[in-house]
There are 2 protein chains.
Amino acid sequence: MTEARRRPGPKRALTQDDVLDAALRLMDADGPVAASIRRIAGELGVTPNAVYTYFADKAAIEQALVERLLGEVNAAAPATGGWRADLELLAVEIRARLVAHPGAVPLFLSGAMNGPQALLLGERLLDRLSAAGLDRAAGARGAYLIMVYVLGAIALEVADQPHAGVLPPEAERIAARAAAWGEVPADRFPRTAAATDVMATWIGTDQYLWGLRRLLDSFAGLRS
Amino acid sequence: MTEARRRPGPKRALTQDDVLDAALRLMDADGPVAASIRRIAGELGVTPNAVYTYFADKAAIEQALVERLLGEVNAAAPATGGWRADLELLAVEIRARLVAHPGAVPLFLSGAMNGPQALLLGERLLDRLSAAGLDRAAGARGAYLIMVYVLGAIALEVADQPHAGVLPPEAERIAARAAAWGEVPADRFPRTAAATDVMATWIGTDQYLWGLRRLLDSFAGLRS
DNA sequence: ACCTGAACACCGTTCAAGT
DNA sequence: ACCTGAACACCGTTCAAGT
């Protein structure tokens, strides 16, 4: 995995996308820490300072990575009609795209999301909540509530995994959690010890949709 | 701020708490990156390797820091009676304690929360949701929904701030956001451009409580 | 048990220089 | 415009040694 992969064809200058590709490959393989400037350069077969031809600093790379993944989300998940189904589809799409690159997930919660793709995603949320009957202010508040929930759930899901690299299948992760929760002392934490079977599924799709539907349900009482 | 502060009194051995105190001081002053092993050691007046007498590695320090701050939350915010008021008070308390140390916030979303204080907090949530009339499974799902919301909102609030150190007053941050949103192109993002006044308040207390109340409202339909 | 000296294998970033 | 050589000021962690 440390082998340098150059793009096919004759020798040519790099691009910003080459840098982002390399960063994503490294993060997928060895976790978030692996995407260092020096290792990215190594992947591309150049010296570390060559990377600064394409990005001002490491923060700029991380910001561009966020925009790229949000772009994938916006490209998929078209609006099909009903606001509720659209929002569920969008939320599921965001989770699928981000969880595919666990090492990139912390970037979404460690910097302001104000790029074009972030704006486009926000615009889509506002549009669907308008269709849901929310007024301007309630729509704006609701859109942020959804983003907080989606990003928070994805971050906690990824953080639950101790190992670097791509996540194991969901069923496997839930089984591992169920085993770990077996050690909870029932005398000190009775309700927790009695609910470990449900808690094991917290990082799963069912819980994700359950929580999302609580939010969408609550919007019903806000129609103007 | 780089001046070494030793504890008062005669020379004595350090403690785990001394290390955590130093780490928090550094993070509060210069952001999350400042809490390096080497700078912590400098604060304490010892060489870097002395820190390894008290913690196995840097991850252990971060884990202990999370537990310490959760302990502060658990120590405050007692139950006063109504489940709704209790949960709101608890959520507000968590936000106050974590936002006071912005540099520590990312730690809550970058590692599994399974220490004693995390368990105690979870137990309290399960207890209050039981009082709300939720059955065992719905209570467990609801407790996680609240944690996802609370941690996600706090993380995004802190991430919105570009500068290291303690956060400016809320009104100041909202005003800065309102100014920044003025640049949104209304032709490409019409709904966004029309809602910037509300979006500026996304990182404020009103939005935080608004979102929390949507969650609590949705629990009403789940009483068994 | 608690701490130091010295080292190893890394970081991000910058400056000057080359083509 | 695009890349390299060399350096600066950092990291986390470990090993051996001292008291």
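Here is how names work: the chains are called A, B, and so on, in the same order as the sequence lines, proteins then strands, and each is numbered from 1.
- Using a 4.0 Å heavy-atom distance criterion, Y54(B) is classed as a sugar-phosphate-only contact.
- Between R68(B) and D21(B), at least one side-chain N (NZ, or NE/NH1/NH2) sits under 4.0 Å from a carboxylate O, which counts as a salt bridge.
- Looking only at distances, no side-chain donor or acceptor of R128(A) sits under 3.5 Å from a matching main-chain atom of D86(A).
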Going 5' to 3' through nucleotides 8-19 of chain D, assign each nucleotide B (protein heavy atom under 4.0 Å from a base atom), S (under 4.0 Å only from sugar-phosphate atoms) or - (no protein heavy atom that close).
---BBBBB----
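- The phosphate of dT4(D) has OP1 or OP2 within less than 4.0 Å of a side-chain N or O from T47(A).
- Using a cut-off of 4.0 Å between Lys/Arg side-chain N and Asp/Glu carboxylate O, E93(A) and R97(A) are scored as salt-bridged.
- Going from atom CD1 of I146(B) over to atom CG of L129(B) covers 4.5 Å, rounded to the nearest 0.5 Å.
- Residues meeting the salt bridge (Lys or Arg N to Asp or Glu O under 4.0 Å) test with E67(B), sequence neighbours left out: none.
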Parsed dot-bracket for DNA chain D after applying the Watson-Crick and G-U rules with both distances under 3.5 Å and | for other-strand partners is ||.|||||...|||||.||
Yes or no on salt bridge (charged side-chain N to carboxylate O under 4.0 Å, His left out) for E170(A) and R95(A), after CA distance, side-chain angles and deciding distance?
CA-CA 13 Å; E170(A) 188 172 303; R95(A) 176 165 175 259; 3.3 Å; yes
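- Taking atom P in both dA9(D) and dA9(C), the straight-line distance is 22 Å, to the nearest Å.
- Using a 4.0 Å cut-off between a side-chain N of Lys or Arg and a carboxylate O of Asp or Glu, R188(B) and E123(A) do not qualify as a salt bridge.
- Using a cutoff of 4.0 Å between basic side-chain nitrogens and carboxylate oxygens, D160(A) and R173(A) are not scored as salt-bridged.
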